[in-house]
Peer 1: 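Sharing a structure below in structure tokens format, with a few things to ask.
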Amino acid sequence: ASQRSNLRARSARLSFFHTQQPQVWPLLVDYFYKDAITISQDNVCALLALSRQLLVAPVCQYCSEFVAQQLTTGNCIAYLRQVCAGIQLC
């Protein structure tokens with residue numbers, strides 16, 4: 001029984017940090033070392049989701065500001081779909 005609970009706990013930890021775009025991990029690690037991060041339309045949603053999971057408030061803020069600057073009536077649905085897919089709420 002102990003091995004099963006350990007396996008479930010390990011599985012929960014792995015799924016907690018799952019991201020649709022694994023290329024955002026190096027960006028976040030670089031941020032920890034360099035205090036700088038490159039945010040683009042291609043990575044902002046995944047980066048926002050991962051930084052929220054890991055409680056990295058500054059990166060969350062940077063991503064939110066980036067989206068706020070880029071958001072238009074023409075792309076708001078696309079952002080919503082990306083966010084929902086990244087955090088699996090929809």
Side-chain angles (χ1 to χ4, degrees):
S2 171
Q3 288 178 332
R4 286 184 188 161
S5 64
N6 286 341
L7 182 58
R8 276 189 234 135
R10 194 174 313 131
S11 176
R13 281 192 300 263
L14 291 175
S15 64
F16 178 73
F17 296 119
H18 173 73
T19 178
Q20 299 293 334
Q21 295 181 331
Q23 66 270 21
V24 298
W25 277 101
L27 295 173
L28 204 53
V29 171
D30 283 347
Y31 171 76
F32 293 137
Y33 285 101
K34 299 176 184 174
D35 197 30
I37 193 160
T38 301
I39 300 173
S40 69
Q41 285 192 301
D42 293 332
N43 67 18
V44 67
C45 291
L47 195 54
L48 178 59
L50 185 59
S51 65
R52 289 189 69 190
Q53 285 181 335
L54 297 174
L55 304 175
V56 184
V59 174
C60 250
Q61 184 65 35
Y62 301 147
C63 290
S64 297
E65 291 170 3
F66 180 89
V67 170
Q69 291 172 357
Q70 302 296 316
L71 200 60
T72 66
T73 56
N75 67 9
C76 63
I77 299 299
Y79 271 114
L80 181 60
R81 285 186 182 136
Q82 285 182 352
V83 170
C84 288
I87 57 177
Q88 300 174 347
L89 287 179
C90 297

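Scope of the values below: all heavy atoms of this structure, side chains included, with no hydrogens, waters or symmetry mates. One-based numbering along the sequence shown. Fair warning: this is a prediction, and the values are worked out from it, not measured in the lab.
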Peer 1: Find the distance between CG (D30) and CD1 (I37) and round it off to the nearest 0.5 Å.
Peer 2: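 The distance works out to 8.0 Å.
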Peer 1: Taking all non-hydrogen atoms of both residues, which atom of L48 and which atom of S64 are closest, and how far apart?
Peer 2: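 Of all heavy-atom pairs spanning L48 and S64, the closest is CD1-OG, 4.0 Å.
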Peer 1: Identify the heavy atoms of V59 and L47 that sit nearest to each other, and give their distance.
Peer 2: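 Closest pair (atom of V59, atom of L47, distance): CG1-CG, 4.0 Å.
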Peer 1: Please check if atom CZ in F32 has more than 12 non-hydrogen atoms from other residues, nucleotides or ligands closer than 6.0 Å.
Peer 2: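 Enclosed.
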Peer 1: Tell me, do Y31 and P58 make a side-chain contact under 4.5 Å, heavy atoms counted?
Peer 2: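 Yes. Closest side-chain heavy atoms under 4.5 Å.
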Peer 1: For V24 and A46, which heavy atoms make the closest approach, and how far apart are they?
Peer 2: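 For V24 and A46, the tightest heavy-atom pair comes out as CG1-CB, 3.8 Å.
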Peer 1: Check residues 66-77 and write down every donor-acceptor pair under 3.5 Å in which the side-chain atom is one partner and the other belongs to a residue at least two apart or another chain.
Peer 2:
from: T72; atom 1: OG1; to: G74; atom 2: N; distance (Å): 3.2
from: T72; atom 1: OG1; to: N75; atom 2: N; distance (Å): 3.2
from: T72; atom 1: OG1; to: N75; atom 2: OD1; distance (Å): 3.3
from: N75; atom 1: OD1; to: T72; atom 2: N; distance (Å): 2.7
from: N75; atom 1: ND2; to: Q70; atom 2: O; distance (Å): 2.9

Peer 1: State which residues pass side chain to side chain contact (heavy atoms under 4.5 Å, CB included) with S40; sequence neighbours excluded, sorted by chain then number.
Peer 2: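 Here the qualifying residues are D42, N43.
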